[in-house]
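Data block below; observations after.
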Protein chains: 2
Amino acid sequence: MDLCRRFGLNVKNVRVAAGHTQEELADLAGVARSYMSDVERGVRNPTLKVVERIAKALDIHPAKLLG
Amino acid sequence: MDLCRRFGLNVKNVRVAAGHTQEELADLAGVARSYMSDVERGVRNPTLKVVERIAKALDIHPAKLLG
DNA sequence: ATGTGACTTACAGTCCGTT
DNA sequence: GAACGGACTGTAAGTCACA
């Protein structure tokens, strides 16, 4: 499984565990709702800056989302 | 310190510890030497696909390079 | 052996929508 | 609530010559 897909699955797991919708998380991270959807499905190739913002929005260390 | 700079410093540390030049690592990762230079100095904002290739070239888990 | 500026092309990321 | 599409803009990918 490639890193984008793994990242997406981790984001989804943490988001759902935190009880947020994609739209809520997208707003917190400052990205578009449709983009969050793509990221979670692993069909996008996000930059480190976006990884950093999503991690912050989820209140988790960025490295955890790649593990 | 932002994630791009942290990533760059980690890449440099691991590369030097492995006894490689920027050019050797760039070749292994399939990027230009000047690009590797930018990444190590944190002046680029690489995507997860690039992170994945560099991690593989360094024979290390991608998450380790964000930690 | 590395830092840097300039450059073109590919795609990251947005915003409108529909299913 | 989320998957998916189309059209758009900004910026990363990727390289090169030179310092």
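Quick note on labels: first sequence line is chain A, next is B, and so on, each numbered from 1.
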For a side-chain contact (heavy atoms from CB on, under 4.5 Å) check, start with the C-alpha distance between A:Arg53 and A:Val31, then their side-chain angles and the critical distance, and finish with the verdict.
CA-CA 9 Å; A:Arg53 276 153 52 192; A:Val31 300; 3.5 Å; yes

Linked, directly or transitively: B:Ile60 and B:Val50 (ILVMFWY side chains, under 4.5 Å): yes

Task: Derivation of the side-chain contact (heavy atoms from CB on, under 4.5 Å) call for B:Asp2 and B:Arg6 - done: CA-CA 6 Å; B:Asp2 89 346; B:Arg6 179 183 311 252; over 6 Å; no

Taken to the nearest 0.5 Å, the spacing of B:Leu58 CG from B:Lys64 NZ works out to 13.5 Å

Bounded by its outermost nucleotides with an atom under 4.0 Å from a heavy atom of chain A, the footprint on DNA chain C reads C:dA12 to C:dG17

Side-chain donor or acceptor of B:Arg15 paired with backbone N/O of B:His20 under 3.5 Å: yes

Practice task
Kindly determine whether B:Asp38 and B:Arg41 satisfy salt bridge (Lys or Arg N to Asp or Glu O under 4.0 Å), including the steps that lead there.
Solution key: CA-CA 5 Å; B:Asp38 288 349; B:Arg41 282 174 300 118; 2.5 Å; yes

message = Could you tell me how far C:dA1 sits from D:dC18 if I compare only their C1' atoms? Round to whole Å.
response = 14 Å

Measure all distances between protein nitrogen or oxygen atoms and nitrogen or oxygen atoms of nucleotides 15-19 of chain D, and list the pairs falling under 3.5 Å.
| unit_1 | atom_1 | unit_2 | atom_2 | d |
| --- | --- | --- | --- | --- |
| D:dT15 | OP2 | B:Ala32 | N | 3.4 |
| D:dT15 | O4 | B:Arg44 | NH2 | 3.4 |
| D:dC16 | N4 | B:Ser34 | OG | 2.6 |

Hey, does B:Ser37 reach any base, or is it just sugar-phosphate, or nothing, if we go heavy atoms under 4.0 Å?
base

Applying side chain to side chain contact (heavy atoms under 4.5 Å, CB included) to A:Asn45 and not counting sequence neighbours gives A:Cys4, B:Thr47, B:Leu48, B:Lys49

From CD of A:Glu40 across to P of D:dA2 the rounded distance in Å is 7 Å

Rounded to the nearest 0.5 angstrom, the NZ-NE2 distance for A:Lys56 and A:His61 is 11.5 Å

Within residues 45-67 of chain A, those residues having any heavy atom closer than 4.0 Å to DNA chain C are A:Asn45, A:Pro46, A:Thr47, A:Val50

### Task
Report yes or no: do B:Leu65 and B:Leu9 belong to one cluster of Ile/Leu/Val/Met/Phe/Trp/Tyr joined by side chain heavy-atom distances under 4.5 Å?
no

To the nearest 10 degrees, the angle between the two end axes of the helix from C:dT2-D:dA19 to C:dT19-D:dA2 (five pairs per end) comes to 50°

Cluster membership besides A:Val43, Ile/Leu/Val/Met/Phe/Trp/Tyr side chains within less than 4.5 angstrom, sorted by chain and number, is none

Item to complete: Report yes if some heavy atom in the side chain of B:Leu25 is under 4.5 Å from a heavy atom in the side chain of B:Val11; otherwise report no.
Response: yes

dist A:Ser34:OG -> A:Glu23:CD (nearest 0.5 Å) comes out at 10.5 Å

ask   = Which is it for B:Arg33 and B:Asp27 under the side-chain contact (heavy atoms from CB on, under 4.5 Å) test, yes or no, and what are the steps along the way?
value = CA-CA 8 Å; B:Arg33 183 195 55 77; B:Asp27 288 346; over 6 Å; no

